[in-house]
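Side chains are part of it too, since the values below use all heavy atoms of this structure and drop only hydrogens, waters and symmetry mates. Counting convention: from 1, in listed order, for ligands and their atoms alike.
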Amino acid sequence: MHPSTPLSEAFRLSAPHKAALHKLGIGTVRDLLFHFPFRYDEAGGETTIAGLTAGADASVVGTLEKLETRKSWRRKIPVAEGFIADSTGKIKAMWFNQPYIAKMWTDGTLVRASGKVSGSGKKLYLANPHLERVSGTDAGLFEAAAPAERAPAAPTGFFAVYPESSGVTSLWFRHAVARALASGVLDQIEDPLPPDLLKRYHLPSLRTSLVVIHTPHHPKDAAAARKRFAFEEVFFIQLARQRERLAHRREKSFSIEATSRDIDSFTAAFPFKETRAQKRAIGSIVADMRAGHPMSRLLEGDVGSGKTAVAATAAYAVVRTRPQGQTFGTLQVAYMAPTEILAKQHFESFIKYFETHPINIGLITGSGCYKFPSKIARDKATTISRSQLLKWVENGEIPILIGTHALIEREVRFKHLALVVIDEQHRFGTNQRRKLARKEERLPHLLSMTATPIPRTLALTVYGDLDLTVLDEMPAGRKPIITEVVSPEARGAAYAKMRAELKAGRQAYVICPRIDEPDPEKALAVMAKSVKEEAKRLKKDVFPEYEIDILHSKMKPAEKDRAMKKFSEGETAILVATSVVEVGVNVPNATIIFIEGAERFGLAQLHQLRGRVVRSSHQAYCFVCPETRGERTLARLKALTTAKNGFELAEMDLLQRGAGELSGRKQWGISDVGMEALENLKLVEAARSEALALVEEDETLAGYPALASELESRTRGFHFE
Ligand code: ADP
Ligand code: MG
């Protein structure tokens, strides 16, 4: 076997196996070796069903029988139950609060069931056992490999358990990996990390790491291998970022000529005084843009910290500047928002910020285009055709264009695009900038803005190529939001407070973890309140006198818009929604947010949700309502009442829940192993400084061919570039 050998050549694969492996992105022997287990079980841990004793943690291998769902008569919670049978007997299995287990699994499936043996005497049962499919055909593929669960890859007492997708079992992986390792394929894989680097951080070689991560003598040994892979991943991300950063520094951009007097005249017209943090941010941005190289700056700040005002000021500095060698026209700004709702809000905010410095502003979204001011009414915006808008952008008559992703489509061409502002967009690389600027030999400046509170290690990693500015100060005079953790008994009192606010004319959000049906991917989680059911219940039992509407991600864009419009115009009093409202909805009159199933959200995410109601001068309330009443849950949620800002909460999330639970983790493009690194600031800093040193010494990595080719193949994999 060679690392690049397709698995279909190395093994006899059935069509379902092929499809499942393809879905997991595993095509070659190398991919197989880099598909890591997520835990290790002790071999021999399983017993026969006849041998089970009460109180033990046990694994049995058997067939599922008589799966069904019912409601427990006493506690009224849904229970799935069934039996697991082997040649020695049969034991009952029960899953509380997981009714869909019965839908996801079918009678007759051969499984390994692991869980606690509960009950007593003859009435034993397995409580909430974890199921792992064991396939008879798997064993058949490897003639030598009976009996079923004594994997040859684990002669040592532990065997690897892999993330499964329907069709490929852990057992298959164990056998396949064992065969690959035995074939000597490791002799043909070069370690991309320089040996002195490994030595400096006491990291095992690639060869050792691959063997140990799949077939450890003890799970402890696998930890060293995981640490190596974690380091390696962050190191490669940093290499890519630091190289990008160096390359950027050499590019040309527009010199923005606005003086501090110009800037002051613009901000003086705001209906408020900027915070010191805003002043500082504006100062760094203007200084960056004055130098002739492209700015790459990330502005982090909680919701409501005033990022839009900073962006408007940066935009003003740009549109004050004439294109080089021209005595007319101005440089241009593109401002991209993640949703149509937000793009429209920014458009309206910009019109206000530019009130005393009138200028043409365009809005482009999938569903329509606008221009301010209108020819007829100078204080109003007007709809215009897309082609007309594009024409004016291309000839430079519209200096500021705000929009959704529609903004970076091929037909949108600017005359002199000098600044790109990205709101809540997590990555926006050089390539995208270059695409936008394709008619220019200069790259536009980039101001990226985010309210997503992420821990420092993650920021250092994913934003390694950006300069960071934090708006760590809220505008003066904001009333801090009153946050209450609501115990089940206190729900009525919370509703009473909510009603008082509604009576006073305010509006409320109610957030639920689900839309409707349980999500099969999260099947092992507890049943949680759903938007649809909760909206019905509130209307029927709690707030019949108020208009209640729903909002969730499965609604069509037009339906969502309608729901938002009704809510923002005050027609709807209570909006029951999923966390879709997390990103950028601005309804100043909504001052209450009631969050159901709160323990399912990270603290940072709860903080962001809460940010939806801090936008007015009215007192705002946040009711955080967990489903369970565990003390740890309550203690964790209490942090919401004590933490200073979202970034602090993000650190707490990381500490308490681990990197695997960071919200939105998929979007970062970091593997499970890489995420583990984020719990270790020292490791992340080491990877960063090593990458920086290496790139500064040898930018093309000519002296490190293995490293260079690995970086090349990984960078292609980054989904955000
Ligand atoms: P962010 O984008 O950071 O969530 P915005 O820029 O939308 O925040 O500002 C939120 C609200 O606060 C807006 O209504 C804005 O007019 C107002 N605001 C911004 N800066 C200040 C300030 N320094 N003082 C008072 N109000 C401010
Ligand atoms: Mg904003």
Side-chain angles (χ1 to χ4, degrees), residues 263-264 266-285 297-316 333-356 361 363 400 402-404 420-426 428 447-454 468-481 564 568 580-591 593 604-605 607-620 622 644-647 649-650:
I263 301 289
D264 289 346
F266 186 73
T267 55
F270 290 178
F272 49 75
K273 195 170 162 322
E274 319 105 273
T275 62
R276 269 169 313 171
Q278 282 171 313
K279 266 205 154 87
R280 260 199 315 271
I282 292 168
S284 337
I285 290 166
R297 193 167 280 279
L298 175 69
L299 185 62
E300 288 186 322
D302 269 349
V303 168
S305 59
K307 297 185 290 297
T308 313
V310 173
T313 311
Y316 175 71
V333 179
Y335 189 152
M336 187 159 105
T339 65
E340 256 182 68
I341 298 171
L342 269 178
K344 279 181 196 147
Q345 277 175 13
H346 291 324
F347 180 60
E348 280 152 22
S349 304
F350 263 57
I351 291 172
K352 287 205 194 93
Y353 283 124
F354 278 86
E355 209 160 32
T356 54
I361 305 176
L363 173 67
I400 300 181
I402 297 174
T404 52
V420 176
V421 182
I422 306 281
D423 197 10
E424 288 303 342
Q425 164 89 23
H426 300 293
F428 194 79
L447 177 63
S448 200
M449 306 198 294
T450 180
T452 308
I454 61 172
L468 239 63
T469 302
V470 183
L471 290 185
D472 52 4
E473 187 184 359
M474 287 303 241
R478 287 274 167 77
K479 294 196 185 96
I481 182 163
M564 266 327 295
S568 64
V580 287
V581 293
E582 189 183 338
V583 176
V585 169
N586 186 4
V587 179
N589 193 47
T591 57
I593 187 162
Q605 202 186 358
H607 176 72
Q608 275 196 295
L609 283 167
R610 170 170 74 171
R612 292 300 115 212
V613 295
V614 292
R615 293 179 165 257
S616 76
S617 51
H618 297 293
Q619 177 62 55
C622 171
K644 277 204 307 290
N645 55 42
F647 299 93
L649 288 166

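The distance from ligand 1 to the heavy atoms of E274 drops below 4.0 Å at these ligand atoms: 23 (N). Of all atoms in ligand 1, numbered sequentially from 1 with element shown, those under 4.0 Å from a heavy atom of D302 are 3 (O). Residue T308 has at least one heavy-atom neighbour below 4.0 Å for each of these atoms of ligand 1: 2 (O), 5 (P), 6 (O), 7 (O). Residue Q278 approaches ligand 1 through these ligand atoms, each under 4.0 Å from one of its heavy atoms: 19 (C), 20 (N), 22 (C), 23 (N). Using a 4.0 Å cut-off to heavy atoms of T275, the atoms of ligand 1 that qualify are 23 (N). Listed by number with element, the atoms of ligand 1 under 4.0 angstrom from any heavy atom of Y353 are 15 (C), 16 (O).
Salt-bridge formation is not detected for the pair D302/R610: no Lys NZ or Arg NE/NH1/NH2 atom is positioned less than 4.0 Å from an Asp or Glu carboxylate oxygen.
Considering I422, V421, L298 as possible partners of M449, the one that fulfils the side-chain contact (heavy atoms from CB on, under 4.5 Å) test is V421.
Every residue was checked against the ring-ring contact (aromatic ring centres under 6.0 Å, His included) condition with H607, not counting sequence neighbours, and none meets it. Here Y316 pairs with F266, H357 under the ring-ring contact (aromatic ring centres under 6.0 Å, His included) rule; sequence neighbours left out.
Within the 4.0 Å heavy-atom cutoff, G301 does not count among the residues contacting ligand 1. The closest approach between a heavy atom of K273 and any atom of ligand 1 is below 4.0 Å. Residue-ligand proximity: A451 is placed with every non-hydrogen atom at 4.0 Å or more from ligand 1. In this structure, D423 falls outside the shell of residues with a heavy atom less than 4.0 angstrom from ligand 1.
Checking Q619 against T591 by side-chain atom types alone, no donor-acceptor pair falls below 3.5 Å.
Judged purely by atom type and a 3.5 angstrom limit, K307 uses its side chain to pair as donor or acceptor with the backbone of G301. One N or O on the side chain of Q278 and one on the backbone of G306 form a donor-acceptor pair closer than 3.5 Å.
Here's the thing with G304: one of its N/O atoms is less than 3.5 angstrom from an N/O atom of ligand 1. By the 3.5 Å distance cut-off applied to N or O atoms, G306 is counted among the residues near ligand 1.
Counting only heavy atoms from C-beta outward, the side chains of M474 and T275 never approach each other to under 4.5 Å.
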